[in-house]
Amino acid sequence: MFTSFIVNDSTITDTTKLLPNLANYSQYHWRVKAVNVGGESDWSTVWNFKTLGNPYASNLLTPMDASVNQPLSGLTFKWTKATERIETIQKYQFQISTDSLFASTFVSDSTLTDTTKVVGGMGYLTKYFWRVRAQNEIGWGEVSTDNLFSSFIVNDSTLTDTTKLLPNLPITHNIIGE
C-alpha cells in the first residue's frame, strides 16, 4: 500500500511530527510503529486525511460587466457561491472601488456569508469596479487570469490579513452609475 513516501522517518523520538508542505485537496495515508532496544512493533492501523486548499473564485453575476444606468441606491450585487472539493467556505469579501487597482475602496466588507450585497450611495455618472473572493480555513481565494486557475497572477498562501496590494491587473468588471 505504501509505495511512495512524503515522510519516512525512523529517527522520531516524540509522538508528533510536523509535516512538510502538502498538496492542496489531496488524500494522504499514515501509520506508525514503535522501536526500542527489544525490537520493532507491528505497524499501527492505517489512517488517512485530506488536505484543504484555497477556495476557488466566485463568478460575478449582476450587475453585468460594463452595464450602465444602474440605480444609485439599493443596487444588488450577486455572485456565485465559491466552490471547492471540500465545502468549507466561511465568508466572502466584497469590494467596490472607483479605481480598477482597488488602491482605495468605496465599499469593503469581509464579513459576508451570503452571495449578495445591496449597496447605496453611489455617485451619478461614476464608473465602479467590483470583486469578490471567498475564505475557508486555509485563507482567502487566489487571483488568476482565468476562471479555471490554470495560471496565477498571485498565489500567496502566507497572508494573515484581509488585504493584499496586487500588481496591475486587467479590468474585468465595471459598473457605471446613472
Quick one: pull up [atom1] in [X] and [atom2] in [Y] and give me the separation to the nearest 0.5 Å.
{"X": "Ile12", "Y": "Thr16", "atom1": "CD1", "atom2": "OG1", "value": "8.5 Å"}
{"X": "Asn48", "Y": "Gln27", "atom1": "CG", "atom2": "CD", "value": "4.5 Å"}
{"X": "Ser100", "Y": "Lys127", "atom1": "OG", "atom2": "NZ", "value": "8.5 Å"}
{"X": "Asp114", "Y": "Tyr92", "atom1": "CG", "atom2": "OH", "value": "8.5 Å"}
{"X": "Asn69", "Y": "Leu125", "atom1": "CG", "atom2": "CG", "value": "9.0 Å"}
{"X": "Thr62", "Y": "Phe77", "atom1": "OG1", "atom2": "CZ", "value": "8.5 Å"}

Closest heavy-atom contact between [X] and [Y]?
{"X": "Val35", "Y": "Glu40", "result": "CG2-CG, 3.7 Å"}
{"X": "Gly121", "Y": "Phe106", "result": "O-CZ, 3.4 Å"}
{"X": "Gln93", "Y": "Ser108", "result": "NE2-OG, 3.6 Å"}
{"X": "Thr76", "Y": "Pro63", "result": "O-CD, 3.8 Å"}
{"X": "Ser97", "Y": "Phe102", "result": "CB-CD2, 3.5 Å"}

Kindly assign one of parallel, tilted or perpendicular to the pair Trp130 and Phe94, based on the angle between their ring planes and the thresholds 30° and 60°.
tilted

Are side-chain heavy atoms of [X] and [Y] found at a separation under 4.5 Å?
{"X": "Val132", "Y": "Lys117", "result": "no"}
{"X": "Arg131", "Y": "Trp79", "result": "no"}
{"X": "Val46", "Y": "Trp43", "result": "no"}
{"X": "Tyr128", "Y": "Thr98", "result": "yes"}

ILVMFWY clustering at 4.5 Å (side-chain atoms), partners of Phe49:
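Joined to Phe49, directly or through intermediates: Ile6, Val7, Leu19, Leu22, Tyr28, Trp30, Val32, Trp47.
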
Asn36, CG: over 12 other non-hydrogen atoms inside 6.0 angstrom
yes

Are there more than 12 heavy atoms of other residues, nucleotides or ligands under 6.0 Å from atom CG of Asn21?
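At most 12 heavy atoms, drawn from other residues, nucleotides or ligands, come within 6.0 Å of this atom.
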
For [Y], does its backbone N or O pair with a side-chain atom of [X] as donor and acceptor, under 3.5 Å?
{"X": "Ser41", "Y": "Lys33", "answer": "no"}
{"X": "Thr126", "Y": "Tyr124", "answer": "yes"}
{"X": "Ser58", "Y": "Thr80", "answer": "yes"}

Set of side-chain hydrogen bond (donor to acceptor under 3.5 Å, both in side chains) partners for Gln90, sequence neighbours left out
none

